[in-house]
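A note on names: the letters A, B, ... follow the listed sequences, proteins ahead of strands, and every chain is numbered from 1. Atoms considered below: every heavy atom in the structure, side chains included; atoms not considered: hydrogens, waters and symmetry mates.
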Amino acid sequence: MIRLGYACISMATKNNPNKKTTVGQLEKLDPAGRQKKLRKVMQSNFFNLMDLLKYNVENGIFLYRLPSEFVPFATHPIAADWDWEKEFKWDLDKAGEFIRANAIRMTSHPGHYSILNTNNPSVLESTIKDFDYHAKVFDLMGLDANSILVTHVGGVYQDKESSLQRFADHYATLPEHIKKRLVVENDDVSFTMIEVLHLCEKIGAPMVLDIHHHDCINNGEQIEEYLPRIIATWGDRTPKMHFSSPKSEKDFRAHADTIELNAFLRFLDKVSHHNVDIMLECKNKDEALLKLRSELRQAKVEVESPPLVLA
DNA sequence: TCGTGTCAAGATCTT
DNA sequence: AAGATCTTGACACGA
């Protein structure tokens, strides 16, 4: 069975769990004022998250990416003495309860400034701190290892081989609670499906296949040839893939507003006999998901539930 | 209320 | 060596 999901922002719920503030704002306040401000932002993020998850469940959407901004300045020095874990323990429990009760798969995507294969020790340190934060949120919500952190390989630094090796070396040093959630995605400019697959097989981490990125860089490889191996990297977890449509011929790498039905059908043909979660990445978010769903229904393609068996 | 400059973070390309 | 770009929505402030 296939499940569809979307990233971070819902167009239907006006408020989203990605409210934030700025360093400049916090600097104007005394320590107590800072904590108050951070608390206020996080409170609205919790409120908005519960609202959004309820909407998701009502609409049969069980795959969702939590915005990295969920905890404001979670790893920034300016919020170092703010103990959000303790302060929001009750809320994290409640959210986790709802997520587990409704079998929602939460995922996350640490920002593109977090780069595990960096050769700069201070960047590595802040990257691990960022991964730790993302993992901790899922840990505190009591979510299983299907709640993953998706990252890219990182920079090339003029030497792909050693850059891949450095990813593997740094991966090996990660604490268990991060390692059990970290997965690697092929990107659209540097590391191809094949390169990431080899890396994932080597280090024993799952691979997120991004179809659009593969369309951006490849050496003519067909995804169907590699799907069994990609899916095998997930072990007993549910594989996750990313799907999006190019914005235009000229601006190919950018995401379009919606998903192009025919391209999606061609992809579906290759994966529909697997159990796969598909994250749709497009500007129109949940609206695009619901649109695709209705187009699939019109095309009489049953995707998200097992085929009906008539008695 | 509306328009706009600005925003934590790195890598890479351009000047 | 310093600056621009990537990508990008939303905060915060001034009009």
Across all strands, who's sitting opposite [N] as a Watson-Crick or G-U wobble pair, both distances under 3.5 Å?
N: B/dA8; answer: none
N: C/dG3; answer: B/dC13
N: C/dG14; answer: B/dC2

Give A/Lys40 one of three labels, base, sugar-phosphate or nothing, depending on what nucleic acid heavy atoms sit under 4.0 Å from its own.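 It contacts nothing in the nucleic acid.
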
- Message: Heavy atoms only, 4.0 Å cut-off, all strands: where does A/Gly155 land among base, sugar-phosphate and nothing?
- Response: sugar-phosphate

| message | I want to check a possible cation-pi pair here: A/Arg166 against A/Tyr157, using under 6.0 Å from ring centre and within 45° of the ring axis as the test. | response |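 Verdict for A/Tyr157: a cation-pi partner in A/Arg166.
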
Hey, does the Lys NZ or Arg CZ of A/Lys20 hover above the aromatic six-ring of A/Phe73, less than 6.0 Å from the centre and inside 45° of the axis?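 Checked: cation-pi criterion not met.
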
Between CD of A/Glu287 and SG of A/Cys282, what distance do you get to the nearest 0.5 Å?
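Answer for the CD-SG pair, A/Glu287 versus A/Cys282, is 10.0 Å.
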
Interatomic distance, CG@A/Asn56 vs CG@A/Leu49, rounded to 0.5 Å, equals 9.0 Å

Where the side chain of [X] is concerned, which of [options] is the nearest nucleotide?
X: A/Val23; options: C/dG9, C/dA12, B/dA8; value: B/dA8
X: A/Ile9; options: B/dA11, C/dG9, B/dT12; value: C/dG9
X: A/Thr22; options: C/dC13, B/dA11, B/dC7; value: B/dC7
X: A/Arg253; options: C/dC11, B/dA8, C/dT7; value: C/dT7
X: A/Phe73; options: B/dG10, B/dT12, B/dA8; value: B/dA8
X: A/Thr75; options: B/dA8, B/dA11, C/dC11; value: B/dA8
X: A/His76; options: C/dC11, B/dA11, B/dA8; value: B/dA8

[X] vs [N]: side-chain N/O to OP1/OP2 distance below 4.0 Å:
X: A/Thr21; N: C/dA12; result: yes
X: A/Tyr113; N: B/dA11; result: no
X: A/Lys19; N: C/dC11; result: yes
X: A/Gln25; N: C/dC13; result: yes

Rounded distance in Å between the [atom1] positions of [N] and [M]:
N: C/dA12; M: B/dA8; atom1: P; answer: 10 Å
N: C/dT7; M: B/dC13; atom1: P; answer: 14 Å
N: C/dC11; M: B/dG10; atom1: C1'; answer: 23 Å
N: B/dT1; M: C/dT8; atom1: C1'; answer: 23 Å

Figure out the [atom1]/[atom2] separation between [X] and [N], and round it to whole Å.
X: A/Ile115; N: B/dT12; atom1: CD1; atom2: C1'; result: 11 Å
X: A/Asn284; N: C/dG9; atom1: CG; atom2: C1'; result: 14 Å
X: A/His152; N: C/dT7; atom1: NE2; atom2: P; result: 12 Å
X: A/His112; N: C/dT8; atom1: NE2; atom2: C1'; result: 9 Å
X: A/Glu27; N: C/dC13; atom1: CD; atom2: P; result: 13 Å
X: A/Lys283; N: C/dT7; atom1: NZ; atom2: C1'; result: 8 Å
X: A/Leu26; N: B/dA8; atom1: CG; atom2: C1'; result: 11 Å
X: A/Asp187; N: B/dG10; atom1: CG; atom2: P; result: 18 Å

Subject >> Side-chain donor-acceptor contact under 3.5 Å, A/Ser245 with A/His255 >> reply: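 No, no side-chain donor-acceptor contact under 3.5 Å.
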
### Query
Are any of the side-chain heavy atoms of A/Glu221 and A/His214 separated by less than 4.5 Å?
yes

### Task
Could you check whether the rings of A/His152 and A/His109 sit parallel, tilted or perpendicular, using 30° and 60° as the cut-offs?
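Ring orientation of A/His152 relative to A/His109: tilted.
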
Taking for A/Lys28 and for A/Asn18 the nucleotide of DNA chain C with the nearest heavy atom, the one nearer the 5' end belongs to A/Asn18

